[in-house]
Amino acid sequence: MNPSTETLLKELTLEEKAALCSGLNMWMTKGIERLDIPSIHMYDGTNGIRKTNSDEEMGITGENIPATCYPTGSAIGSSWNTELLHEVGAALGAESKQMGVELLLGPGINMKRTPLGGRNFEYYSEDPCLSGELGAAFVNGLQSQGVGASVKHFACNNQEYEKMVTSSEVDERTLREIYLSAFERIVKKSNPWTIMCSYNLVNGSYASENEHLLHHILREEWGYEGVVLSDWTAVNDRLRGLKAGLDLEMPGPAQYNTNAIVEAVRNGQLSEAQLDKAVRRILELVRKTIGTGSGNEKQRSIADYHALARKAAAESMVLLKNDNHILPIDPAKVSSIAVIGKFAKQPRIQGAGSAKVTPTHIDIPWEEMAKVAGDSVSFTYAEGYPQDDSVDENLIRESAELAAKTDMAVLFVGQPEYAESEMHDLDGIELPLHQIKLIEAVSAVQPKCIVITSSGTALAMRPWVHHVPGILHSWLTGQGSGRAIAEILFGRINPSGKLSETFPVKLSDNPSHMRIRGENGKLYYREGLFIGYRYYDKKEIAPQFPFGHGLSYTTFAYSNLKAVQNGGTVKVTFSVENTGAMYGKEVVQLYVHDEECKWVRPEKELKAFAKLALHPGQKKDVSFTLEERDLAYYNTKYNKWVAETGYFQFALGSSSRDIRIRERVYCDFGKEVIALHKFSLLSDWLGNPTAKSVLVESLEEMNAHVSDKVYLNEEFVGFWGDFPVIKIFQMFGQSWLADTSPDQLLDQLIQSFEHKRRTEL
């Protein structure tokens, strides 16, 4: 592709331009041989490269070309480690290059509206700040190797049930603050080469042709110039999608839509200039994939990638409970351990569907525990539960008898293989009944009982959570998870993961519980802003384990918090010290609350975080700089982000419920710029000094001509404050407004206000 993009555009025929807007086959873009425009190879890749054996097949159910299987999104999201995400992204980029892959279809960053979402294991978090920062780091790492990312699924893809025909009905403020915020952060911080639209409709329009999403927000507001491609078969109306900003239809060749595009240009239904926009972006994508990369990346081996998979797994696991310091296990004090549960020998390492990778190697927990513990510890094994959902009392009895004879029991349990997959949602978030009965039976005879849970989403753990002293949530942490579990159990690694989503006591505690599935093609997001920890905080509901929770084998102290505003930014500084006896990592979390906002806002919102590595006794100073946007909410009255002057709380914590230190600061963002209209309320007019002065002058003139006079005292404003001003003039000024209508008077007042405001500026 030596000629410039503009030169190629001039040389391409109309038919060739149209053909470039759909794929060549299942996994490739179309090339134009006569102009030396090559095809791009793309494959699924949220937690590893799922390259099929043929470009003509989906490869969902069979084995594909082996590649490194890293922790799933929900797992690595719990690492809270942007450096790790960058490192994994770069490694996936290097491995993609070795495998002939130019575009990797990931990361997945949709919010976790409900823990029943079938693809939740692919997504990082319930919080847009955490998802956005991690996603941006991953994209930057991947694209540093000359491999493009495809951030997905844009947008509001939060269920699998009837997703291809269901409209996610979301109010504009919730859409902006919760469901689009992570996408926006990634677009602005890492400029992904592509974004993938979702299958569902958003507010009545398919995401593949949604002008509000693709054009007004993504292109115009965010300034995105990369390629927007469809999820596989997500296209509904190709022409409408092309006009809205959908550049590439996958899979290809979709000749029927190529013909439709050509015909639309010829009959004037679609301008060739509009088509050229899409083709130009596709050509630029091709140019990037064949002309960028670090250029000095050394060839890595399978062993190198596996070592990183182990590291990522260890960073992602979360120690949920550690009563009486049952962990880490000291081989000098424990000579026999009963290992119970099929997952100890047949671990679940990932979810199913388009994200399922054929791993290059799998660490088996049973084997790795023996290697790490050494010869001084003897291990015995019981299967614990069958492959299906049946309750086998014999297996449970055998497990309990084995546990009673040993110094300690370690149980491996979790969601079954079939539960978490693309194309269907979960039925529940409890463990299978046979596993619950197993835990209760074993813990009844062996008080030193540690439970290792595996799932891609939040788990409900009652009643057994109260019967065991130790719980390590291993998520679905990829091919290196077995070694990571062993090293955490025996203290070679200090756990440092923090929950990237709230674990409720029971499913019905979740805010979306009454509206998990849509009806008649519509799913109403009536919980609004209040998903995840935002809801539990506002409703004062105690979760089983809160967002951001995760224990360590050491302790940390926070001190010296200061928050100072400087113009449009607020600098937050503080110190963190390792006050324990072991090296460890702490995730410091900064939450913000707007005390005085006129609109409803959450009790706290995550706005910054960092993962700190500290030796015993070591102390580090940390600083975060928050922009005005970080303190803003989306004001649908003015259709813009607004940070209101007033008091804000800055809270630092080890979780959303473990706040260690707070600072209350008055932040001045200047006068609120208001736009008055015919039905603006009396409180709106009185809330702005300039508007108030204009209104007072008019009321004084009216009072000179009417007997029932209006005085803006506390009693009057208390009653009439929520009335539109025009209604007040209609109520009290009719004898005065003989030659002027209330509408005309309001027009005059608004013009006077605008003139006076411009004069003041």
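Since this is a predicted model, take the numbers as computed values, not measurements.
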When the ring planes of Y123 and H153 are compared, do they come out parallel, tilted or perpendicular, using 30° and 60° as the limits?
perpendicular
With R281, which residues qualify under salt bridge (Lys or Arg N to Asp or Glu O under 4.0 Å), at least two apart?
E225, D247
Between D621 and S575: side-chain donor-acceptor atoms closer than 3.5 Å
yes
Does the side chain of T502 come under 3.5 Å of the side chain of E126 through a donor N or O and an acceptor N or O?
yes
What pairs with E272 under salt bridge (Lys or Arg N to Asp or Glu O under 4.0 Å), at least two apart in sequence or on another chain?
K17
Could you tell me if H593 and E605 have a donor-acceptor pair between their side chains, going purely by distance under 3.5 Å?
no
Could you give the distance from CZ (R173) to CG (N639), rounded to the nearest 0.5 Å?
13.0 Å
Any chance you could measure L681, atom CG, to D684, atom CG, to the nearest 0.5 Å?
4.5 Å
Check side chain to side chain contact (heavy atoms under 4.5 Å, CB included) between E221 and all other residues, then give those that pass, not counting sequence neighbours.
R176, I217
Do we see a donor-acceptor contact under 3.5 Å between the side chains of Y124 and E501?
no
Flag this pair as yes if the NZ/CZ of R534 is under 6.0 angstrom from the six-membered ring centre of F530 and inside a 45 degree cone about the axis; otherwise no.
no
Nearest 0.5 Å please: distance from the NZ atom of K598 over to the CG atom of N635.
9.0 Å
Ring pair (Phe, Tyr, Trp, His ring centres under 6.0 Å) against Y633, all qualifying residues, sequence neighbours excluded:
W599
Could you check whether T569 and E627, counting side-chain N and O atoms only, form a donor-acceptor pair closer than 3.5 Å?
no
When the aromatic ring centroids of Y591 and F650 are compared, is their separation below 6.0 Å?
no
CD1 (I109) and CG (L180) are apart, to the nearest 0.5 Å, by 9.5 Å
Minimum-distance pair of heavy atoms, taken over all atoms of I195 and S150:
C-OG, 4.1 Å
The single option from R664, E595, E603 that satisfies side chain to side chain donor-acceptor pair (under 3.5 Å) with Q649 is E595
Is the ring centre of Y711 less than 6.0 Å from the ring centre of F716?
no
Working to the nearest 0.5 Å, report the span between CZ of F732 and CG of L737.
13.0 Å
I'd like to know if the side chain of S125 pairs up with that of D127 as donor and acceptor (distance under 3.5 Å, no hydrogens or angles considered).
no
Hey, could you give me the CD/OG1 distance between E169 and T166, rounded to the nearest 0.5 Å?
10.0 Å
Between F547 and Y533, is the gap from one ring center to the other below 6.0 Å?
yes
For residues S198 and N200, is any side-chain donor paired with an opposing acceptor at under 3.5 Å?
yes
Is it true that E527 and H513 share a donor-acceptor pair across their side chains at a distance under 3.5 Å?
no
According to ring pair (Phe, Tyr, Trp, His ring centres under 6.0 Å), who are the partners of Y647, at least two apart in sequence or on a separate chain?
Y666
Got a sec, which pairs hit salt bridge (Lys or Arg N to Asp or Glu O under 4.0 Å) with one end in residues 179-190, sequence neighbours left out?
E133-R185, E133-K189, E184-K188, E184-R629
When you look at F624 and F574, which way does the ring pair (Phe, Tyr, Trp, His ring centres under 6.0 Å) test go after all the steps?
CA-CA 9 Å; F624 295 129; F574 58 97; 5.6 Å; yes
Given 3.5 Å as the limit, does a donor-acceptor pair link the side chain of T645 with the main chain of F669, or not?
yes
Is the backbone of V564 close enough, under 3.5 Å, to the side chain of K571 for a donor and an acceptor to pair up by distance?
no
Quick one: do the S168 and Y525 side chains pair a donor with an acceptor below 3.5 Å?
yes
